[in-house]
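Here's the structure, in structure tokens; my notes come after.
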Amino acid sequence: METTVVEESPVWVVNDLYQAALQSDLAQAFLKSGIRTLLIVRLQYRQQILGYLSIFRNEIDVETIWARRPDRDDERHLSPIKSFEVWRELKRGQVQEWKTTEIELAQALASHFAIAIHQYQLYQQVNALNANLQCDIEERKQAEKKICALNAELEQRVQERTAELRRANRRLLEEINERERALRDRKQTQASLERLSRQSELILNSAGEGIYGLNCQGKITFVNPAAARMLGYGVKELINQFMHEVVKHSKPDGVRYFLEDNPIYATLQNGTVQHVTDDIFYRRDGSKFPVEYVSTPIREQKKIVGAVVIFKDITERQIIERMKDEFVSVVSHELRTPLTSIRSALGLLARGSLNNQPEKSQRMLEIAFDNTNRLVRLINDILDIERINSGKVTMHKQICNVTDLMIQAVDEMRAMAEKAEIQLELTPASVQLWADPDRIIQTITNLLSNAIKFSPPGSTVWLSVELQQEGKVRKADCVEKNKFTTSPTSYLLFQIKDQGRGIPEDKLETIFDRFQQVDASNSRHQGGTGLGLAICRSIVQQHGGKIWAESILGKGSTFYFMLPISQ
């Protein structure tokens, strides 16, 4: 059966009943009536299904020609008549499929029907209730009439009693109505309280900071999952426990608070809001962590009945602050050294101490100039790495040829290599790479510069690249040497190898951090800033790659960085 069903508002469309699998009696009924297509729409109001709306339609009408009788003797009518007859033969017996607009109209009609049916049912229910109420009233009236008829002779004697009963009845009705109103108000209040309780629970459970409540004795009345998780407990385990003993609340120097000196205890005693930024809490396993917390009193009718404490682990913040302090200290030191040298050289020249020694004066000027260049490089490197890490530098990626990038980088470093008597060997590869060409060249030249600086004269520095895929190097069977095939999962592995003195194994990771050098004194002598490898790592990571080093002391080092080929 060819049907179409819409999930959100169920609709069943049968475009051809002749092709549908129906019961024989039902199929015969449709055939006799000439019905060819069927549209069924569910009548539903909110979550209640009220029935189904079925719309039937015959096959395409091919008998109606136009609004006037044809004149077969008029030659002007012959051509349209023939065209219509051809059309009629083509369309005879074909179904009229349901269009989207017709289905939407049927759905809208069904929605109105559903509302009308629902309202009618409500109307019937109201009428039924009114009828029952009317019956009750009539029965009561009949009973009163019978009582009056049977006790007519006692009417005078019971008038007062009847009046009292009526007054009591009215009071009873008023009390019943009052109780019903009170019950409705109570249910509404209870529903509101449950809703507020649920919202409060959701807020507590979703909060990232630890939150717990204390009563006047300092026992925990509630705690959210974040607080329990940070302390290493389950939520139920902490309820009704003395929080001061659970967290072993201590000062920044590790000395535990006495209960009366605890800032949170002061909140419970005098209602002061305490904001502390560097106290220490202990976890269940005995480990400690620094916290920042705020304790606020809970007041009820102007009386302190407890406190709420919100705290968070500030370990990462302290680490970042220490890193910032170390960074400022290192930068200050790195700036102070060349500035001191420049100041000394210029001081000697300014005082005229070297007026009669032109060679020494020239040397002082060269020292000042070299240190000025070092300062410029240092500041540029600091700004460069900060812009890259903060995302302020946009990588202008484009399709570029790896061979061109490698040749350009080698050409830029060739003069430095010749001055240091270092031979550069290049093994390129004709591969298209999606990257920022200027940043890739900057990475390669930084690594080549380091290799040249720390290689002995007469040695060789190699620059090569390999295509890797799924952990293996795969070279294509091409006629041209060093050509590779690429796939969406391929990536390039660049290698810069030297014959220098090598790097200790314990420093292979730290050399990529800022101002981390194997030999700081020698690096300064070579003109390094200690930021080159950190910049290389930032550039490679911005391209979705990674960088690392391998080394053997006394034999040399190899720096690798890997980049994905595809965009």
Side-chain angles (χ1 to χ4, degrees), residues 185-324:
D185 293 341
R186 181 178 180 182
K187 288 183 177 179
Q188 291 177 355
T189 303
Q190 185 177 0
S192 299
L193 290 175
E194 290 177 354
R195 184 172 60 256
L196 291 174
S197 177
R198 179 60 179 166
Q199 290 176 351
S200 301
E201 183 179 356
L202 290 175
I203 293 172
L204 287 175
N205 291 341
S206 60
E209 291 83 5
I211 304 174
Y212 62 88
L214 302 175
N215 59 16
C216 293
Q217 290 76 38
K219 290 186 177 182
I220 301 172
T221 56
F222 66 86
V223 61
N224 72 335
R229 183 173 58 255
M230 281 190 278
L231 297 174
Y233 291 89
V235 173
K236 294 182 179 179
E237 293 180 286
L238 291 174
I239 300 300
N240 209 33
Q241 298 293 323
F242 284 103
M243 197 63 179
H244 181 72
E245 297 298 329
V246 170
V247 301
K248 300 179 179 61
H249 196 171
S250 304
K251 300 177 183 179
D253 57 4
V255 178
R256 286 191 60 181
Y257 280 108
F258 291 106
L259 180 61
E260 57 272 13
D261 297 332
N262 193 325
I264 299 175
Y265 181 77
T267 300
L268 293 172
Q269 293 300 310
N270 52 40
T272 57
V273 177
Q274 301 289 335
H275 184 192
V276 182
T277 59
D278 54 358
D279 275 359
I280 294 175
F281 282 1
Y282 281 81
R283 300 184 182 90
R284 185 175 194 171
D285 59 5
S287 60
K288 61 182 180 180
F289 61 98
V291 294
E292 176 184 358
Y293 66 87
V294 176
S295 61
T296 307
I298 300 175
R299 299 180 186 271
E300 185 175 352
Q301 297 180 353
K302 298 182 179 181
K303 182 180 179 181
I304 299 174
V305 296
V308 174
V309 180
I310 303 175
F311 71 94
K312 57 184 175 181
D313 187 346
I314 60 172
T315 302
E316 293 185 2
R317 182 201 299 175
Q318 290 186 350
I319 292 174
I320 293 173
E321 290 176 353
R322 283 197 298 269
M323 291 175 62
K324 288 181 179 179

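Nearest approach of Met230 to Gly210, heavy atoms of both residues: CE-N, 3.3 Å. Of all heavy-atom pairs spanning Gln274 and Ala266, the tightest one is NE2-CB, 4.0 Å. Across every non-hydrogen atom of Asn240 and Lys219, the tightest pair is OD1-CD, 3.4 Å. Shown here for Tyr293 and Pro263, the closest heavy-atom pair between the two residues is OH-CG, 3.4 Å. When all heavy atoms are compared, the tightest approach of Pro290 to Thr315 is CD-OG1, 3.3 Å. Nearest heavy-atom pair, Leu238 versus Val246, reported as atom, atom and distance to 0.1 Å: CD2-CG1, 3.7 Å.
Interatomic distance, CG of Asp278 versus CD1 of Ile314, reported as 6.5 Å (0.5 Å rounding). Summarising the geometry, atom CG belonging to Leu231 is positioned 12.0 Å from atom CD belonging to Gln241; distances are rounded to the nearest 0.5 Å. Rounding to the nearest 0.5 Å gives a distance of 6.5 Å between CD1 of Ile220 and CG of Leu214. Between Glu260 atom CD and Asn262 atom CG the span is 9.5 Å, to the nearest 0.5 Å. Note that the CZ atom of Arg256 and the CD atom of Glu245 stand 5.0 Å from one another [nearest 0.5 Å]. Between the CE atom in Met243 and the CG atom in Asn215 there is a gap of 12.5 Å [rounded to 0.5 Å].
Residues satisfying the side chain to side chain donor-acceptor pair (under 3.5 Å) criterion with Tyr265, sequence neighbours excluded, are Gln269.
Ring geometry, Tyr257 versus His249: the interplanar angle exceeds 60°, so the pair is classed perpendicular (tilted spans 30 to 60°).
Proximity of a side-chain donor or acceptor of Thr296 to a complementary backbone N or O of Val294 within less than 3.5 Å is not detected. Judged purely by atom type and a 3.5 angstrom limit, Thr267 uses its side chain to pair as donor or acceptor with the backbone of Thr272. Although no hydrogens or angles enter the test, the distance criterion places a donor-acceptor pair under 3.5 Å between the side chain of Thr221 and the main chain of Gly213.
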Apply the test side-chain contact (heavy atoms from CB on, under 4.5 Å) to residues Asp279 and Phe311: give CA-CA distance (whole Å), side-chain angles for both, the deciding distance (0.1 Å), then the verdict.
CA-CA 10 Å; Asp279 275 359; Phe311 71 94; over 6 Å; no
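You'll find the side chain of Val223 stays beyond 4.5 Å of the side chain of Tyr233, heavy atoms only.
For Arg283 and Asp313, the salt-bridge test passes: some basic side-chain N is under 4.0 Å from an acidic carboxylate O.
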